[in-house]
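Remarks on the structure that follows.
Here is how names work: the chains are called A, B, and so on, in the same order as the sequence lines, proteins then strands, and each is numbered from 1. Quantities reported herein were computed from a predicted structural model and do not represent experimental measurements.
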Amino acid sequence: MNSKIVFGSYVPVKSILHRLDPRIKLIMCIIYVILIFFVNNFLAAIWLLLALLAAIKLSNVGLRQYWQGIKPLFLIILITVAFQILFSSGGKAYWHWGIMAITRDGLINSLIIFYRFIVIITASTVLTATTQTFQIADALAWLMKPLQVIKVPVNQITLMLSIALRFVPTIMDETNKIMKAQRARGINFNAGNLLTRIKHLVPILIPLFVNSFKRAEELATAMEARGYDPNAPRTHYRQLVWHKNDAWAGLALLIVTVGLVCIRIFF
Amino acid sequence: MAKAAITVKKLHYTYPNSTNEALHNVSLTIKEQEFVAIIGQTGSGKSTLVSLIDGLIKPSSGELNVAGLEINATTKTEYLSKIHHQVGFVFQFPEQQLFAETVAEDIAFGPHNLGWPAKKIEKAVDEALKMVDLPLELKSHSPFALSGGQMRRVAIAGVLAMDPQILILDEPTAGLDTQATNDLLKLIKDLNEKGTTIIMVTHQMEQVAYYANHVIAMSNGQVVADTTPQQLFRDAQRLKKLSLTLPVSVEVAQFLSKDGITLKNTEPLTLDVLADEIAEAMRRKRK
């Protein structure tokens, strides 16, 4: 019911990116974010930005929707950038007042931070907009597989992750329902000062916790009744299959990386 | 039974981010002290309708008047909260909304929100507990330590303590055993007889037949029947089309008439009436 576009929500449209294997998408996203930290000049920044724009174009999701996703975080980014401008020193100073100063280095640093923030958030939004959460969970599970060698309980972690993701919509629905029930009992969530508003959360959070614990217990019982053994090897209903397009995507990532290395060496 | 408690005119409602109308051109009148049953399949718009009546959502267009308060698409949210002084709403599985440390605190939550003085609240809590047939000793207990049936009764007491003129119940008997179901329905019936207007969403045709004097059937967001239970159950064909069933007593009467035994009252709403009718038919036959 309440399906406002929020940061990181899946956009169900058809595109090449949507069809890609979640594993390659996750790897690409991680490597891209790492690459962002190697950007040291203007040309490199443009190069990676172009790669991101290409991905956005291929994702078939409108720029406006990405902007909707980033907008709530924009204020935090602006505050961080403002701090960076005002409180860093070095280089030519243009203006100063007390401990605050606007310097050349400060401006450049804040520009870099601004760029990194926007690009990294957008890149991860591309991933979440084109990949359903359970697919990301599957991909994560696959990536963690090598950790089994050092006795990390990958299966259990994966199960926990997918159960948590599975119950997000359920809990959202339930929050709506409980809010409605408490409003029917005369509570007005939009009135009062900050303290009353915080107090008004109690009649929502307590039933939510109580019901979640109850549900967890029921789920555990149901799983045990069907013979769940945490240590048994697991099979998957959804099989991840590597296609030709995934190889091409990997190649594209390689080109972007090599391009960045070249730019760093030659400029 | 004269004054209208609720009038609804050409009401439309569309949920945000949805293209389908959840309610389409609904108009109806509910009189004071009526016992109204709202029936219909899941997704037919029953819950949307009662949420609108309780001012929990605002209509997309059209208007409604609830206990003298006019509501339309432009009504302010603060104004909507006034409705809760007149209308109580018992949700499905109401025990899931309990939160306070003690039973008394939980029941007092509603009256407290309405801004009642402490003395009046205390009295209302005691009365509400009595109404749902729970001992006053429970007041200091935690609601989470009670049994499921008791929790439901505490939750209902929390709504009754607000002394509503109009009481909405969304499948109040779901998940209760027979005894608890009968107790609860009797309580609702008593409230109705004392003057409270009752609106009950239900899937149980027996409850419609036994208790309601006005039935509203919904399908695909529209009102498809707005009549008395007697009238509704007369048209078995139409009920079938709406995927609704007949109450057992009416069904038995219809089977009998197929076999050539016609009862005087073709829609006996309760088993008692059915038994009387059969006895009468047998007497006639003997003569």
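Counting all heavy atoms, side chain and backbone alike, A:Ala184 lies closest to B:Phe89 at CB-CB, 3.8 Å. The two atoms that bring A:Lys180 and B:Ser51 nearest to each other are NZ-OG, 2.9 Å, heavy atoms only. Closest non-hydrogen pair, B:Asn113 versus A:Gly186, comes out as CB-O, 3.3 Å. Here the closest heavy-atom approach between residue B:Leu56 and residue A:Arg183 is recorded as O-NH2, 2.6 Å. When every heavy atom of B:Phe91 is checked against every heavy atom of A:Ala181, the shortest pair comes out as CE1-CA, 3.4 Å.
In terms of the side-chain contact (heavy atoms from CB on, under 4.5 Å) criterion, residue partners of A:His18 (sequence neighbours excluded) are, by chain and number, A:Tyr10, A:Val13, A:Ser15, A:Val61, A:Thr130.
Heavy atoms from other residues, nucleotides or ligands lying under 6.0 Å from CG of B:Asp133 number 12 at most. The environment of A:Phe209 atom CZ is sparse: at most 12 non-hydrogen atoms of other residues, nucleotides or ligands sit within 6.0 angstrom. Few gaps surround CG on A:Leu165; more than 12 heavy atoms of other groups in view lie less than 6.0 Å from it. The number of heavy-atom neighbours closer than 6.0 Å to NZ of A:Lys199, taken from other residues, nucleotides and ligands shown, is 12 or below.
Put simply, CG on B:Leu80 and CG on A:Asn188 are 10.0 Å apart, with the number rounded to the nearest 0.5 Å. Here the straight-line distance linking atom CG of B:Asp106 with atom CZ of A:Arg185 works out to 4.5 Å at 0.5 Å rounding. Rounded to the nearest 0.5 angstrom, B:Gln97 CD and A:Ile204 CD1 are separated by 12.0 Å. From B:Phe99, atom CZ reaches atom CG of A:Leu205 across 11.5 Å, with rounding to the nearest 0.5 Å.
With a 4.5 angstrom heavy-atom cutoff, A:Ile187 touches chain B via backbone and side-chain atoms both.
In this structure the side chain of A:Ile206 reaches within 4.5 angstrom of the side chain of B:Phe144, judged on heavy atoms.
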